[in-house]
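Remarks on the structure that follows.
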Amino acid sequence: MKFAVQKAWSNSGRARVGVLEFGSNHKIETPSLLLSTRKGLPLFISPDLLSSLPFPDSHLLQVSPFHFLEGISAKTISDVGGLHDVVGLNSNDYGLVAVPRDSLVSLPDCDGSNKFGASFETPGGRRLIKPSDYMNLINSMKPNLWVTLADEVPAWVSQKRNKISVDRTITWLDQCLSAQNPSNVVVLGPIVGGSDVEERRRCAVEVSRRNVFGYWIGGFGLGESRNERSDLLSAITDHLPEEKLRQICGLELPEEVLQGVAAGVDLFDSTYIYHLTLGGFGLSFPLERRTRAIEKDVAIEPIEKAGSDQTKINLRHIIHRKDMSPIVEDCACYTCRNHTKAYINHLLNVHEMLAQILLEIHNTHHYLAFFRKIREAIKAGEFEEFHAMFVKNRREHLAVSSVCA
Amino acid sequence: YFSMALRFEVLGRFNRARAAQLTLPHYVCHTPLFMPVGTQGTIKGMTNSQLEEIGCQIILGNTYHLALRPTSELIDELGGLHKFMNWPRALLTDSGGFQMVSLLHLADITENGVTFQSPVDGKPMLLTPEESIEIQNRIGADIIMALDDVVRTTITGPRIEEAMYRTLRWIDRCIAAHKRPHEQNLFGIVQGGLDPVLRDICVRGLVDRNLPGYAIGGLAGGEDKDSFWRVVAQCTAALPEDKPRYVMGVGYPLDIVVCSALGADMYDCVYPTRTARFGTALVPEGVLKLKHQAMADDTLPIDPTCTCMVCKNYSRAYIHCLVTKDAMGSQLLSYHNLYYMMKLSRDLHSSIIQGRFPEFVCGFLQKMFPKGDVPKWVCNAMEVAGIDISSCCAPFLTSQD
Ligand SMILES: [Zn+2]
Ligand SMILES: [Zn+2]
């Protein structure tokens, strides 16, 4: 695995484009999306359908080792040949990134953590995971990239707890590194420290002293306000070496991803897609890079009152009952090439699983395209305009719909 | 003369068994064939591309469910079920009657039709033969089924006779109501319970109507296996050689092999996909219960001889950790199970064409009954079918016959 940040572009602030190399010479450009998984596979997209998504953008997946605490043993995972073989994804073609937290069913529980290990909500209930337990999983899974165990805390914990979190995270980093299988040296070190910039700096300095491939920024998406996030993110990334990879968990919405990109983050997870898909939504925001301001008369469509907004369509709504058009007219995904809103509306009405399969495919495809537009904007030196325009359109839209409501 | 929208060409035979090409408006099918059940316009957990990939030729849709949601009027307005679900191959719809009788306890059958309580507002509703056909004409499947008077196979007495005669009276109402005979094929359904005399009257009555195809109904409802195959054998012997024969509700691999040996061509059942959702895989040896704790450390594929996407990629251990917990578990198991059924259909077809049908049957039985304990009813049926299976039956079992 290799990572290199491309040259900086003027007018893109901290936002950057990088190239992550894995497998047999696959190069994924960052900022990029890691597909969120359940037990190593997307929730509803089986591997044969996964290959219909854009290549190589869709070939990085985030896996939580804690999904494997039950049902299959670490030894069996190892006997099968590691996680790639378990989930049927060729290690030459797919990159698996192991992160303890998945932001969905595997979440940090900072009150339950102690000096021996981190407490997590997992699919099998609350569990205290020691670094040795974690390494047992990691060494059998053999992911391409993995994050060491962190004592992750939300932004609002006390100064004392925050300091403990940094201390424990560094201790566990050393324990994980010393327990790692020598072939598995591609590690991301966790940057914790809540909203205390000095603790974040201390953590970054300590992690940077170790042999890490890059950084994993923890503590976000745990209830902090979106307004304070931008400054904090930038303060954190300013302490991280320019040339190394930065991944984050807990930023979901397009606006949140843009905040992360603006601060110089390279990798994001796709829990947003999961929530949209289960909610019956299809992403629909325009993907032209030079997004124009919304024309007011266009914005006040009847669709606004259908639980949809300018970024997504509520396919459960009755107005799609007879709609023979795809979710997004010129979308090239399997779903839009083959199925109509009317059919997906029917599938949702009768609780058929194919609805989720089709929605996860479309939403993943669309979100990957959004990341492609972000990269293009950075390369064109227009990221700040792109960011500002996207947020402005959303705000205007929300203002328009609140007037309508 | 009754018009038809199908061509049925027998390509090969082995005694009573036949392999045919069934040309339907949307697809050229090869028989014997298995039709997966796509109740609500989708096979649970499978995309159309996957169904095409595994060789699925025809899907069954349930008229009762589709008429409730999204309604046949909407399907019609949007261009028919093929277009609505974007399925380019063949479709078959049932009459809706069986679903009502089996799903709604308050269904009552009179000469006019099936009366039932609307699941939407509880009001009494009536499904007549005319309405069933009208709805199916709107849905637009390649094959539509006549409304029949369905009785449980375990029932005996005059009700069976009444149902059989009513089914014959209703077929004329179905034929008269059928508006699209050039695009959709109306199949009649043989009723008559387990009574050979009644079955005979029904077959003859239906054959007189010269329908595009015939179904054997009223089976797979809990009757004993010996009665089951005897009814199939009697009906297939009496039905015309040049028309497809469909045994309704049959889907166990063993039953399909036996019925095909007796000259049946088409089958449908929810079993392969339903059992997948409960964690059971179809394998040559019978079934494999993936939920079983022993699967947790098993690094073999579900079926080491299977070449499907799932068996090529996954261990039993991984499927074990998915089944009944994650959607992906039932998706992957449904894929394997339907692949198994499609492969069985292809193997039946090609072994008949290649004149090695008995070898195929023996190989199938040997894997399923490695000790040679082939059930008596299978031996009896194969004797009538003229298939020598002595090589896979244990000697003490055959000598006792
Ligand atoms: Zn799409
Ligand atoms: Zn298989």
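Scope of the values below: all heavy atoms of this structure, side chains included, with no hydrogens, waters or symmetry mates. Order of the sequence lines sets the chain letters (A, B, ...), proteins ahead of strands, with each chain counted from 1.
Taking the side-chain hydrogen bond (donor to acceptor under 3.5 Å, both in side chains) definition, one finds that B/K325 meets it with nothing, sequence neighbours left out.
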Evaluate the side chain to side chain contact (heavy atoms under 4.5 Å, CB included) criterion for residues A/K75 and B/D297: first the C-alpha distance (whole Å), next the side-chain angles of each, then the deciding distance (0.1 Å), finally the verdict.
-> CA-CA 8 Å; A/K75 183 181 178 299; B/D297 309 312; over 6 Å; no
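The contact between B/L78 and chain A is made by backbone and side chain atoms together, counting heavy-atom distances below 4.5 Å. Proximity to chain A is limited to the side chain of B/E77, based on heavy atoms less than 4.5 angstrom apart. Proximity to chain A is limited to the side chain of B/M309, based on heavy atoms less than 4.5 angstrom apart. Looking at A/P123, there are no atoms closer than 4.5 Å to chain B (heavy atoms on both sides), in backbone or side chain. Within the 4.5 angstrom heavy-atom criterion, no atom of B/S334 approaches chain A. Residue A/I45 touches chain B through its backbone alone, counting heavy-atom pairs closer than 4.5 Å. With a threshold of 4.5 angstrom between heavy atoms, B/M295 does not approach chain A through any atom at all. Contact of A/L43 with chain B is made through the backbone alone, with heavy-atom distances under 4.5 Å. Only the side chain of A/L49 has a heavy atom closer than 4.5 Å to any heavy atom of chain B. Contacts of A/D85 with chain B are made by backbone atoms alone, with heavy-atom separations under 4.5 Å and no side-chain atom involved.
In terms of non-hydrogen atom pairs under 4.5 Å with chain B, the most contact-rich of A/K322, A/E70, A/Q356 is A/K322. In terms of heavy-atom pairs under 4.5 Å with chain A, the best-connected choice from B/I43, B/N48, B/D298, B/L74 is B/L74. Contacts with chain A were tallied for B/K44, B/H65, B/K312; B/K44 has the most, counting heavy-atom pairs under 4.5 Å.
Between A/L41 atom CG and B/Q331 atom CD the span is 9.5 Å, to the nearest 0.5 Å. For the atom pair OG1 of B/T47 and CG of A/N338, the computed distance is 8.5 Å after rounding to the nearest 0.5 Å. Here the OG atom belonging to B/S315 is positioned 5.0 Å from the CD1 atom belonging to A/I72, to the nearest 0.5 angstrom. B/F84 CZ to A/T340 OG1: the interatomic distance, rounded to the nearest 0.5 Å, is 6.0 Å. How far OH of A/Y343 is from OG1 of B/T42: 4.5 Å, rounded to the nearest 0.5 Å.
The closest donor-acceptor contact from the side chain of B/R69 to the backbone of A/V350 lies at 3.5 Å or more, if one exists at all. Within the 3.5 Å criterion, the main-chain N or O of B/C321 finds a donor-acceptor partner in the side chain of A/K39.
Residue-environment remark: CZ (B/F34) exceeds the threshold of 12 foreign heavy atoms within 6.0 Å. Within a 6.0 Å sphere centred on CZ of A/F55, other residues, nucleotides and ligands contribute more than 12 heavy atoms. No more than 12 heavy atoms of other residues, nucleotides or ligands lie within 6.0 Å of CZ in B/R274, so this atom counts as exposed by the packing criterion.
Pairing each heavy atom of B/G45 with each of A/M353, the nearest pair is CA-SD, 3.8 Å. Among all heavy-atom pairs drawn from A/S46 and B/Q50, the shortest one is OG-NE2, 3.1 Å. Nearest approach of A/H346 to B/Q40, heavy atoms of both residues: NE2-O, 2.7 Å. The minimum heavy-atom distance between A/P47 and B/Y314, with the atom names listed, is CG-OH, 2.7 Å.
Under 3.5 Å, the side chains of B/S49 and A/Y334 contain a donor-acceptor pair of N or O atoms.
The shortest distance between side-chain heavy atoms of B/N86 and A/R337 does not fall below 4.5 Å.
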